[in-house]
Protein chains: 2
Amino acid sequence: MARPRKPLLSRERIVTAALALIDEEGLQALSTRRLAAELGVSGPSLYNHFTTKDEILDAAADMVIAKVDVSGFGPDGDWRRGLTEWARSYRAALAAHPNFVPFLAQGPGRRPAGLKMADAAFGGMVEAGWPPAQATKVCAMVRYFVAGSALGSFARGFVDDAAAYDPADYPHLGQAHLLAEHQQQVDEGAFESGLRALVDGLALQHQPVS
Amino acid sequence: MARPRKPLLSRERIVTAALALIDEEGLQALSTRRLAAELGVSGPSLYNHFTTKDEILDAAADMVIAKVDVSGFGPDGDWRRGLTEWARSYRAALAAHPNFVPFLAQGPGRRPAGLKMADAAFGGMVEAGWPPAQATKVCAMVRYFVAGSALGSFARGFVDDAAAYDPADYPHLGQAHLLAEHQQQVDEGAFESGLRALVDGLALQHQPVS
DNA sequence: ACCTGAACACCGTTCAAGT
DNA sequence: ACCTGAACACCGTTCAAGT
């Protein structure tokens with residue numbers, strides 16, 4: 001084959017395929033060779049477009065984070081609404097790619113979309129009257145909560161097998177085998193009440209002046 | 001060599017070495033061959049003690065979770081104290097092995113220490129008067145928050161290089177390059193205020209009767 | 001029972017060779 | 001510039017062979 005008249009690959013095609021592979025088969029299924037095969041080329045071809053596998057992951061991560069909506073931080077300075085809507089959108093973006101969360105949670109690094117999101121959230125809090133040091137911590141705790149909730153289902157962490165919960169060993173887990181069945185309600189319910197509690201608690205902790 | 005008179009390996013020796021390797025070089029540095037080399041044996045020897053690499057990881061995970069202290073859930077029914085002390089101890093246990101958190105956060109599965117912790121936390125909340133469905137969600141949100149905070153430093157997610165934060169693109173991130181320097185204060189401060197906010201907010205949401 | 005080396009089907013990445 | 005196959009130093013796991 002050698003060089004084709006029209007390039008077979010593009011950065012975008014590679015990144016999209018990588019994300020699809022991660023979603024379908026997990027982070028460890030993403031090998032450069034598998035990815036190349038999926039794209040109909042040989043393994044080393046990818047290195048014409050990215051210098052390393054990690055660079056592909058970075059590009060995919062930025063594509064995911066770019067979807068997060070930070071428009072809740074409006075000019076009205078309503079930090080409660082800003083924080084709540086950001087957290088929901090952030091979680092939705094990560095939860096769409098649960099297998100990718102361990103990578104996504106590693107912070108923005110030098111990725112533009114990650115930095116843009118941080119800038120909007122931090123800026124929104126500061127402009128709503130929060131002292132910068134507090135605003136930083138608030139952004140951090142939202143990241144903790146969102147990443148933790150998207151990292152993996154709480155409910156699915158419990159096996160779907162009543163025999164695994166011997167009442168002699170675990171007297172309170174008699175219903176735990178039902179958790180997986182109600183995964184959606186448990187996880188979304190926990191996220192929503194947790195977010196509400198967090199925002200309520202923050203309001204108690206500090207009443208910013210605009 | 002063939003079979004030695006005294007076994008060279010034990011499950012405990014393998015698990016301890018695996019955890020050390022993860023701590024020092026990351027989850028992806030843990031290969032069965034590296035691990036075996038570290039223990040002075042050949043790769044396949046491990047399979048006499050564990051049937052799969054994942055089983056080694058499971059055993060290491062349970063060793064870490066076994067260190068979590070749930071004694072804060074005392075018979076006095078003080079759920080605020082129970083929750084706060086559990087969360088702190090849980091975070092300390094995970095943060096001691098940050099590279100291992102993506103694995104640890106995947107829930108207890110069938111691991112006894114993980115189940116014991118869940119039983120104590122859930123049981124503690126229920127005995128303090130929380131309805132089971134609420135108690136489940138509270139346990140879930142603590143897991144989210146703790147796992148997210150241990151998964152990786154918020155502060156270290158921002159590169160230590162002022163030039164990465166162009167004021168034209170990120171008007172509010174002018175100080176972001178200093179975050180890594182204050183990693184400890186930022187991350188621990190965010191965890192502590194977040195935990196306080198969460199507990200305060202939960203108290204508002206529901207006043208359980210004992 | 002508990003170790004070994006050989007083997008199988010994989011990895012990420014480099015590089016010279018092709019057009 | 002953009003693809004290829006060959007090569008290097010790795011993987012997890014199986015298995016027959018040793019004691």
Side-chain angles (χ1 to χ4, degrees), chain A residues 1-62 99-100 102-104 106 109 111, chain B residues 1-62 99-100 102-104 106 109 111:
Chain A
M1 301 253 154
R3 176 154 105 99
R5 331 176 72 258
K6 260 215 127 190
L8 298 174
L9 296 176
S10 68
R11 285 176 64 97
E12 215 205 318
R13 244 169 60 73
I14 293 170
V15 167
T16 306
L19 199 51
L21 197 50
I22 290 168
D23 287 342
E24 282 155 32
E25 308 193 31
L27 200 48
Q28 81 273 48
L30 182 80
S31 70
T32 56
R33 296 159 113 113
R34 270 289 312 265
L35 179 54
E38 217 83 35
L39 289 160
V41 297
S42 80
S45 302
L46 301 174
Y47 291 85
N48 288 296
H49 302 268
F50 291 95
T51 62
T52 190
K53 181 188 171 184
D54 246 52
E55 212 180 79
I56 299 174
L57 288 169
D58 267 325
D62 221 38
N99 297 334
F100 199 25
F103 190 90
L104 288 166
Q106 275 166 202
R111 302 195 296 262
Chain B
M1 300 257 154
R3 176 154 106 98
R5 332 176 71 258
K6 259 214 128 191
L8 299 174
L9 296 176
S10 69
R11 286 175 65 97
E12 215 206 316
R13 243 169 62 71
I14 293 170
V15 168
T16 306
L19 199 52
L21 197 52
I22 290 168
D23 287 342
E24 282 154 31
E25 307 193 31
L27 200 48
Q28 81 273 47
L30 182 79
S31 70
T32 55
R33 296 160 113 113
R34 269 290 312 266
L35 179 55
E38 216 84 35
L39 289 161
V41 296
S42 80
S45 302
L46 301 174
Y47 291 85
N48 287 295
H49 303 269
F50 292 96
T51 62
T52 189
K53 180 187 172 185
D54 246 51
E55 212 180 79
I56 300 175
L57 289 168
D58 267 325
D62 220 38
N99 297 333
F100 199 25
F103 189 90
L104 288 165
Q106 275 166 201
R111 302 195 297 262

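These values consider heavy atoms only, across backbone and side chains, with no hydrogens, waters or symmetry-generated copies. These figures come from a predicted structure and were not determined experimentally. Below, chains carry the letters A, B, ... as their sequence lines are ordered, and counting in each starts from 1.
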Check: Going by heavy atoms in the side chains, are A:Gln106 and A:Arg111 under 4.5 Å from each other?
Finding: no
Next item on the list: Measure from the side-chain N and O atoms of A:Thr16 to the backbone N and O of A:Arg13, and report whether any donor-acceptor pair falls under 3.5 Å.
Entry: no
Item checked: Complement of D:dA9, any strand, by Watson-Crick or G-U distances under 3.5 angstrom -> none
Next item on the list: Using atom CG of A:Leu46 as one end and atom C1' of C:dC15 as the other, report the distance to the nearest whole Å.
Entry: 16 Å
Item checked: Integer-rounded Å distance: C:dA1 P and B:Leu9 CG -> 16 Å
Next item on the list: Whole angstrom is fine here: how far is it from NZ in B:Lys53 over to P in D:dT13?
Entry: 8 Å
Note to self: Test your reading of the model: is there a side-chain donor-acceptor pair from B:Asp62 to the backbone of B:Ala59, 3.5 Å cut-off?
What the structure shows: no
Notebook entry, point to check: Given that both distances must come in under 3.5 Å, which nucleotide forms a Watson-Crick or G-U wobble pair with C:dA16?
Noted result: D:dT4
Margin query: Given D:dT4, C:dT4, D:dT13, identify the nucleotide with an atom nearest to the side chain of B:Ser45.
Written below: C:dT4
Notebook entry, point to check: Rounded to whole angstroms, how far apart are NZ on B:Lys6 and P on C:dC3?
Noted result: 12 Å
Check: Taking side chain as C-beta onward, heavy atoms only, is A:Val15 less than 4.5 Å from A:Phe50?
Finding: yes
Check: For A:Leu27, does its backbone N or O pair with a side-chain atom of A:Asn99 as donor and acceptor, under 3.5 Å?
Finding: no
Next item on the list: State whether B:His49 places a side-chain N or O below 4.0 Å from either non-bridging phosphate oxygen (OP1 or OP2) of C:dA1.
Entry: no
Checklist line | For atom CD of A:Glu55 and atom C1' of C:dG12, their distance in whole Å | finding: 14 Å
Check: Looking at the side chain of A:Tyr47, which of C:dC3, D:dT13, C:dT13 is the nearest nucleotide?
Finding: C:dT13
Next item on the list: Side-chain contact test, heavy atoms from C-beta onward, threshold under 4.5 Å: evaluate it for A:Thr32 versus A:Leu35 and give yes or no.
Entry: no
Next item on the list: Kindly say if A:Thr32 contacts the phosphate of C:dT13, meaning a side-chain N or O under 4.0 Å from OP1 or OP2.
Entry: no
Note to self: Need one value for B:Leu39: base, sugar-phosphate or nothing, where a base atom within 4.0 Å counts as base even if backbone is also close, heavy atoms only.
What the structure shows: nothing
Note to self: Strictly distance-based, threshold 3.5 Å: is any side-chain N or O of B:Ser31 a donor or acceptor partner for the main-chain N or O of B:Arg34?
What the structure shows: yes
Notebook entry, point to check: To the nearest Å, how far apart are B:Gln28 CD and C:dG12 P?
Noted result: 12 Å
Note to self: OP1 or OP2 of C:dG12 versus the side-chain N and O atoms of A:Thr52: is any pair under 4.0 Å?
What the structure shows: no
Next item on the list: May I have the distance from A:Leu57 (atom CG) to C:dG12 (atom P), rounded to whole angstrom?
Entry: 10 Å
Check: Could you state the CG-P distance from B:Leu35 to D:dT13, rounded to the nearest angstrom?
Finding: 12 Å
Checklist line | Protein-to-nucleotide contact annotation, 5' to 3' order, nucleotides 5-10 of chain D [B base; S sugar-phosphate only; - none; under 4.0 Å, heavy atom] | finding: BBB---
